[in-house]
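First comes the structure, then the notes that go with it.
In the text below, chain A, chain B and the rest are named by the order of the sequence lines, each starting its count at 1.
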There are 2 protein chains.
Amino acid sequence: MGIQGVRSQRQLSSEKTAAILAGAMQQFLRYGYAGSSMDRIAAAAGVSKATVYSHFRDKEGLFAALIQQMAVEKMALMDREHFGEGSARELLQRILAQGVGQLEEDDEYGAFIRLIIGESGRFPQLARLFVENISKPGVDRLTQLLAAHPQVQCSDPEATARIVIGAVVHYKLIQDILHGRDIMPLESDRIIQALVNLICGAPAQVWPSAGGSRS
Amino acid sequence: MGIQGVRSQRQLSSEKTAAILAGAMQQFLRYGYAGSSMDRIAAAAGVSKATVYSHFRDKEGLFAALIQQMAVEKMALMDREHFGEGSARELLQRILAQGVGQLEEDDEYGAFIRLIIGESGRFPQLARLFVENISKPGVDRLTQLLAAHPQVQCSDPEATARIVIGAVVHYKLIQDILHGRDIMPLESDRIIQALVNLICGAPAQVWPSAGGSRS
DNA sequence: GTCTATATCACGATAGAC
DNA sequence: GTCTATCGTGATATAGAC
């Protein structure tokens with residue numbers, strides 16, 4: 001099903017290939033798979049429709065190649081980051097601020113997530129590719145980071161990592177992808193602070209006695 | 001844009017209307033908006049295509065009516081629940097177990113979420129309808145519950161509620177909607193327990209002294 | 001390799017009989 | 001109100017010139 005055999009279509013001009021993929025990205029991200037036409041993709045790429053079919057077997061092959069390319073791109077965004085030194089609280093805060101900020105400024109990322117989820121019924125293998133190359137590496141990295149800092153109070157780092165990632169992704173989902181910013185307004189700092197406080201303990205623990213942590 | 005004026009189309013037979021909506025649900029949930037055809041919807045409903053057009057103005061009107069109906073249905077699932085008495089930990093655990101269990105057994109719910117997200121670019125008003133009638137009430141209820149139990153250690157109940165809901169929704173998203181169960185296996189109890197421990201403190205609080213809440 | 005032109009078909013929406 | 005039949009359009013994919 002199209003996921004294999006993408007590389008075998010690449011030994012062509014590779015100048016037009018990039019243009020076609022760019023046009024396909026613009027259309028697929030905006031209109032979804034079934035809502036995009038090969039005519040408009042060719043027009044957006046600045047080539048004829050026959051050229052598209054000389055570079056990719058059919059619409060499904062083009063779509064699979066695009067998703068694969070975007071998965072590699074978005075995966076690379078995360079791998080290069082090093083988060084320096086500091087306490088667990090500082091480190092976690094830095095990671096979350098960087099992740100949320102990147103997610104908020106990258107409009108394309110939201111459209112990509114929308115596309116993957118929307119087509120996950122028709123293209124389950126591409127959805128799995130997203131999980132394997134994007135979701136899992138992110139959760140794994142955070143899991144190792146939580147496990148490496150024993151001062152954080154969590155007995156299950158893997159489940160905790162998924163909670164953190166899930167909270168951030170869901171925030172992006174409601175705020176941007178589902179256009180809920182006016183209905184459920186919430187500053188991203190509130191999410192970040194609440195997450196850090198949950199995992200590292202409340203910040204201003206005035207009385208370390210039995211009281212609690214109300215402001 | 002179709003969201004209004006749905007009721008005005010209802011004073012018809014209302015026998016066929018239900019059949020059409022059922023057929024539309026089957027098709028739209030499976031193939032998305034652009035991937036569904038009015039011919040197959042009519043066939044799935046057991047009526048002719050002209051009958052569909054006598055009950056709904058066009059494809060967009062039918063889609064909007066279906067989303068509206070499903071939003072009301074799924075909203076009603078949550079409103080009727082009463083969670084009895086008990087400590088904050090017991091209460092939260094009961095709520096999460098009930099919510100996750102309902103989300104896991106209801107295949108239709110996953111397909112509905114996939115559809116809403118996938119079409120949120122083309123139909124932003126329907127996405128907002130989902131946020132307003134499904135997401136917001138759930139978060140609001142959990143927020144009030146967290147705020148009503150001062151023994152839970154959270155200074156921002158609203159942000160905390162969104163973290164909890166986000167973790168659960170993201171779990172459903174990865175496991176079922178994106179077919180990642182084999183790639184990132186995780187028992188739902190692990191998520192529930194980790195959430196409860198984060199919010200209510202670790203379970204075995206042997207010494208309630210200055211130590212904090214390490215396990 | 002890339003184009004224009006075309007084959008073939010399914011789509012949304014409607015007309016008109018009953 | 002519901003059906004059959006159909007109109008016009010735009011879809012995927014290909015043929016053949018250059």
Side-chain angles (χ1 to χ4, degrees), chain A residues 1-2 5-67 118-119 122-123, chain B residues 1-2 5-67 115 118-119 122-123 126:
Chain A
M1 165 62 73
V6 172
R7 256 288 181 244
S8 66
Q9 296 170 331
R10 284 287 185 83
Q11 293 91 338
L12 296 176
S13 70
S14 90
E15 190 81 3
K16 305 266 179 179
T17 305
I20 294 168
L21 284 170
M25 185 172 76
Q26 178 194 117
Q27 295 291 308
F28 281 137
L29 286 184
R30 198 177 188 93
Y31 303 109
Y33 177 78
S36 299
S37 78
M38 295 296 265
D39 289 79
R40 289 206 302 267
I41 289 173
V47 301
S48 81
K49 195 165 49 169
T51 301
V52 177
Y53 279 96
S54 82
H55 286 246
F56 301 93
R57 176 146 28 113
D58 55 10
K59 193 182 179 184
E60 283 197 11
L62 174 57
F63 185 67
L66 173 73
I67 297 300
E119 307 299 344
R122 289 262 238 178
F123 299 94
Chain B
M1 166 60 75
V6 171
R7 256 288 181 243
S8 67
Q9 294 170 333
R10 283 289 186 82
Q11 293 93 337
L12 297 175
S13 71
S14 89
E15 190 81 6
K16 306 266 179 179
T17 305
I20 294 168
L21 284 170
M25 183 172 77
Q26 179 194 117
Q27 296 290 308
F28 282 136
L29 286 183
R30 197 178 190 94
Y31 303 108
Y33 177 78
S36 298
S37 78
M38 296 296 266
D39 290 78
R40 287 205 302 268
I41 289 172
V47 301
S48 82
K49 195 165 51 169
T51 301
V52 176
Y53 278 96
S54 83
H55 286 245
F56 300 93
R57 175 147 38 103
D58 54 10
K59 193 183 179 184
E60 283 196 12
L62 174 57
F63 186 67
L66 174 72
I67 298 300
L115 181 65
E119 308 299 342
R122 289 260 240 176
F123 299 94
L126 297 181

- Query: Taking protein heavy atoms under 4.0 Å as touching, what does nucleotides 13-18 of chain D look like 5' to 3' if B marks base contact, S marks sugar-phosphate-only contact and - marks none?
  - Reply: BBB---

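One distance of note links OG of S48(B) with NZ of K16(B); it measures 8.5 Å at 0.5 Å rounding. In this structure, CD on Q27(B) lies 11.5 Å from CG on L66(B), to the nearest 0.5 angstrom. Put simply, CZ on F63(A) and CG on D58(A) are 12.5 Å apart, with the number rounded to the nearest 0.5 Å. A distance of 8.5 Å separates NZ in K49(A) from CE in M38(A), rounded to the nearest 0.5 Å.
Dashed line: the shortest gap from a side-chain N or O of R40(A) to OP1 or OP2 of dA11(D) is under 4.0 Å. Distances shorter than 4.0 Å separate none of the side-chain N or O atoms of T51(A) from OP1 or OP2 on dG1(C). Contact check, S37(A) against dA11(D): a side-chain N or O comes under 4.0 Å of OP1 or OP2.
Summarising the geometry, the separation between OH on Y33(B) and C1' on dC11(C) is reported as 12 Å, rounded to the nearest angstrom.
The side chain of S48(A) sits closest to dT2(C) out of dT12(D), dT2(D), dT2(C).
No donor-acceptor pair under 3.5 Å is formed between the side chain of E119(A) and the backbone N or O of G32(A).
Considering only heavy atoms from C-beta on, Y31(B) stays 4.5 Å or farther from I41(B) through its side chain.
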